[in-house]
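Just so it is clear, the model here is predicted, and its values are computed rather than measured. Per chain, numbering begins at 1; letters A, B, ... match sequence-line order.
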Amino acid sequence: MKIDEIIESLNPEQKQAVLQTDGALLVLSGAGTGKTKVLTSRIAYILSQGLAFPSQILALTFTNKAAKEMKDRVAAIVDASNCEGLWLGTFHSVCLRLLRNHIDLCGRDKNFVIFDTDDQKRLLKNIMADDFKIDIKKTTPAFVADVISRYKDKGVCEVDVNMMQDSLHIADGNFVAIYTLYQERLLQMNAMDFGDLLLYPLKIFAGYPDILLQYQQKFKYVMVDEYQDTNTVQYAFLKLISAGRGNICCVGDDDQSIYSWRGAEIENILRFEHDFTNAKIIRLETNYRSTKPILECASELISNNRGRLGKRLFPCDENACVDGHLPVQVRGVFSGADEARSIRDDIESYGRKGFSTAKMAVLVRAGWQTRAFEETFIKSGIPYKIIGGTKFYERQEIKDVVAYLRLLVYPTDDLSFARIINLPKRGIGDKTIGEIHKHARMRGISMFAACENMLKDGSFSPKLSGVIEKFIKDFYRWRGVFNGSITESNGENIHHGKLVQSILHDSGYLDMWYNAKTPDAAGRVENIRELVGTITTEFESLSEFLEHISLIADSDEYSNGDEVSIMTLHASKGLEFDIVFLPGWETGIFPNERAIEEAGDSGLEEERRLAYVGITRGRKVVIIYYAGARMVFGQWQNNVPSMFIKELPKEYTEHSTFSTAFSV
DNA sequence: GGGAGAGGGCTTTTT
DNA sequence: GCCCTCTCCC
């Protein structure tokens with residue numbers, strides 16, 4: 001399609017949002033109102049009008065999925081080669097790209113490794129247990145990791161002690177010291193965590209105004225997706241980088257802000273008008289997704305929230321979908337099992353009415369709720385897929401393989417070293433690893449280098465020396481292949497896919513799973529095969545692969561095309577389904593008790609936004625459930641219906657109670 | 001150092 | 001009720 005046609009296809013508000021290229025603009029975009037269309041059309045418009053070169057446009061998203069979709073959609077409008085130069089990506093990938101240009105200012109070298117949340121927890125566990133002798137049952141590394149991350153979201157570094165008053169008591173008063181040592185270790189390991197990736201650009205901007213100026217001049221247009229999810233650091237980044245030209249367009253929906261527990265500041269979007277001079281706000285309220293009862297329920301429910309900019313959702317054409325105007329259904333059932341059976345029956349009956357199961361979804365508040373549906377669907381032969389859950393790259397065997405590759409490419413990555421030094425079993429236990437670690441810390445070198453020293457010193461027993469020497473020599477050989485100093489007999493470089501295979505083979509890692517007698521071993525071997533296939537065919541080098549997976553949470557979900565989706569409400573944001581099932585609308589479960597305990601009224605409002613997200617996923621039918629009793633953590637619990645049910649307008653809902661106690 | 005049982009703990013999880 | 005992690009004993 002050409003750009004003129006695209007513009008013509010927009011509604012008046014969308015059109016205004018696309019054509020208003022200059023100045024600060026907030027596009028308040030309700031669910032299903034075409035925000036991605038606005039963003040992509042806007043980029044295409046700027047390019048086609050020659051207002052900027054691709055490299056002068058900065059477009060930021062939160063997920064890789066959103067970035068990819070945007071890129072694809074822009075490429076479909078303008079010449080695809082134009083898209084290559086765009087700075088379009090997630091906050092983290094853009095910051096990484098920026099940091100690569102100035103890595104010398106961060107105390108790292110260009111081969112720095114990015115630690116994910118799992119690495120973060122392992123490192124903190126070491127620090128807390130070994131260096132501070134903290135009872136990690138009382139204060140878990142996960143908790144401390146979370147506190148540190150929240151500070152980083154706010155831009156509070158380990159030196160800003162006066163801003164951490166609330167947390168000084170954590171870990172027997174050692175919090176600041178732990179945070180400080182944690183940062184030191186990251187530096188030693190040539191590593192950064194996700195928070196650092198966003199923080200360091202700000203540090204650079206603060207310390208080197210000329211560099212900031214360079215980027216301010218470079219980026220003529222800045223665009224941001226899901227602005228309601230930005231944290232303080234991202235906000236500061238946007239504010240600085242757009243300050244030169246002043247052209248910033250943020251798209252978001254305050255009613256869909258559901259990530260405050262990860263540092264997102266809904267205040268950022270609420271304050272937009274005051275933050276940016278001469279800011280304009282455009283509201284997109286025409287919904288192209290859902291029928292009127294669904295929109296009325298969603299609008300009415302969310303109107304109970306106080307901290308919001310305020311908007312409603314209107315159906316695009318009330319008359320066009322008359323026969324689709326089923327009311328939102330609210331069903332009371334006896335138990336959790338009945339809830340699952342009732343949803344199963346609904347799926348089957350809507351299936352008979354011609355709805356595709358692929359366009360149905362069960363959206364739950366918490367991950368544990370999915371199990372009941374999984375079990376029931378298996379018994380009834382209903383195809384389903386669970387979205388989210390354990391992701392491919394988070395699987396144990398995948399992380400193991402990645403650790404081998406990481407240690408290959410990043411020799412100072414001690415966490416990867418510690419993960420695989422005894423995997424497969426080489427007879428190297430905690431004691432030996434502890435000694436290696438101690439040696440490394442005392443000399444300020446990596447654990448890998450410490451091993452080499454200790455081999456020379458004769459610090460290991462003869463048996464240990466043998467296995468450790470093999471380990472070290474293996475890595476030297478693999479690194480030789482990696483850097484091209486070891487080649488095929490004809491002098492050609494050995495393909496990196498082949499290298500990965502020899503690593504898995506020579507190390508004995510693959511054999512470990514082949515010989516394992518556990519029932520999951522075959523699946524793990526299969527996963528490893530898939531990984532090797534991906535590395536071999538889709539990446540040019542191991543470095544490229546490692547960089548890719550460090551910033552990606554998930555491999556693409558595939559589908560057979562007829563599965564019901566089961567996922568959390570959080571995971572459903574941005575998706576749509578013909579029929580949406582919303583189970584577990586009971587006090588304590590939803591709104592979630594702990595969310596309210598932790599954040600009071602604002603926690604409740606976030607839960608309500610979550611409900612709003614859930615309802616607005618549905619195109620034709622939304623069915624809400626509450627059970628009178630359910631088994632939670634192995635205990636029977638009597639539950640009362642969620643307060644959100646009372647907040648739905650009576651004229652658009654249909655209430656009923658069901659008992660399927662005698663069905664199977 | 002490694003395997004088997006007990007104990008605790010448990011929301012959400014874009015990168 | 002289940003899974004992960006720690007610890008005890010071989």
Could you walk me through whether A:Glu69 and A:Arg73 pass salt bridge (charged side-chain N to carboxylate O under 4.0 Å, His left out), step by step?
CA-CA 6 Å; A:Glu69 191 189 348; A:Arg73 283 171 68 166; 2.9 Å; yes
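A:Arg100 has a carboxylate O that lies under 4.0 Å from a charged side-chain N of A:Glu547, or vice versa, which qualifies the two as a salt bridge. Electrostatic pairing of A:Asp400 and A:Arg524 does not count as a salt bridge here, judged by no charged N lying under 4.0 Å from a carboxylate O. Ionic pairing of A:Arg150 and A:Asp153 is present here: one or more N-O contacts between side-chain nitrogen and carboxylate oxygen are shorter than 4.0 angstrom.
For the pair A:Asn422 and B:dG1, the criterion of a side-chain N or O lying under 4.0 Å from OP1 or OP2 is not met. Taking only side-chain nitrogens and oxygens, A:Lys463 never comes nearer than 4.0 Å to OP1 or OP2 of B:dG1. Contact check, A:Thr568 against B:dT13: a side-chain N or O comes under 4.0 Å of OP1 or OP2.
The side chain of A:Asp229 has B:dT14 as its nearest neighbour among B:dT15, B:dT14, B:dT13. Closest to the side chain of A:Lys125, out of C:dC6, B:dT14, C:dC2, is C:dC6. Considering only the side chain of A:His92, B:dT15 comes nearest among B:dT15, B:dC10, B:dT13. The side chain of A:Leu551 has B:dT15 as its nearest neighbour among B:dT15, B:dT11, C:dC6. For A:Met631, counting side-chain heavy atoms from C-beta on, the closest listed nucleotide (C:dG1, B:dT11, B:dT15) is C:dG1. Checking B:dT15, B:dG1, B:dT11 against the side-chain heavy atoms of A:Thr432 singles out B:dG1 as nearest. When the nucleotides B:dT13, B:dG3, C:dC2 are ranked by their closest atom to the side chain of A:Arg371, C:dC2 comes out on top.
As rounded to whole Å, 18 Å separates atom C1' of B:dT13 from atom CZ of A:Phe91. Atom pair A:Arg395:CZ and C:dC4:P shows a separation of 13 Å (rounding to whole Å applied). Atom CE of A:Met512 and atom P of B:dG3 are 11 Å apart (whole Å). Taking atom NZ on A:Lys68 and atom P on B:dT15, their separation rounds to 14 Å, with Å as the unit. As a whole-Å value, the separation of A:Arg594 CZ from B:dG9 P is 11 Å. One atom, CZ of A:Arg122, and another, P of C:dC6, lie 11 Å apart when rounded to the nearest Å. Across the protein-nucleic acid pair, A:Glu394 atom CD and C:dC3 atom P stand 17 Å apart, rounded to whole Å. Between the P atom of B:dG9 and the CD atom of A:Glu593 lies a distance of 17 Å, rounded to the nearest Å.
At least one test fails for A:Lys154 against the ring of A:Tyr151: distance under 6.0 Å to the centre or angle within 45° of the axis.
Within the nucleic acid shown, A:Glu597 has no heavy atom closer than 4.0 Å to any nucleic acid atom. A:Thr140 comes within 4.0 angstrom of nothing in the nucleic acid, heavy atoms only. Within 4.0 Å of A:Gly367, counting heavy atoms only, lie sugar-phosphate atoms of the nucleic acid but no base atom. Within 4.0 Å (heavy atoms only), A:Lys573 reaches no atom of the nucleic acid at all. Residue A:Gly429 is classed as a sugar-phosphate contact, given heavy-atom separations below 4.0 Å to backbone atoms only.
Nearer the 5' end of DNA chain B, as judged by each residue's closest nucleotide, is the contact made by A:Asp430, out of A:Asp430 and A:Ala366. Place A:Leu464 and A:Leu569 on DNA chain B by their nearest nucleotides, and A:Leu464 ends up nearer the 5' end.
Aromatic ring centres of A:His102 and A:Tyr215 lie closer together than 6.0 Å.
Here A:Tyr259 does not count as stacked on B:dT12, because the ring centres are not under 5.5 angstrom apart with planes under 30°. Here A:Trp261 counts as stacked on B:dT12: its ring centre is under 5.5 angstrom from the base ring centre and the planes meet at under 30°.
Under 3.5 Å, the side chain of A:Arg262 and the base of B:dT14 form no donor-acceptor pair of N or O atoms. For A:Arg365 against B:dT11, a side-chain-to-base donor-acceptor contact under 3.5 Å is absent.
With hydrogens and angles disregarded, no donor-acceptor distance shorter than 3.5 Å links the side chain of A:Arg608 to the backbone of A:Ile302.
Going from the C1' atom of C:dT5 to that of B:dT12 covers 23 Å, rounded to whole Å.
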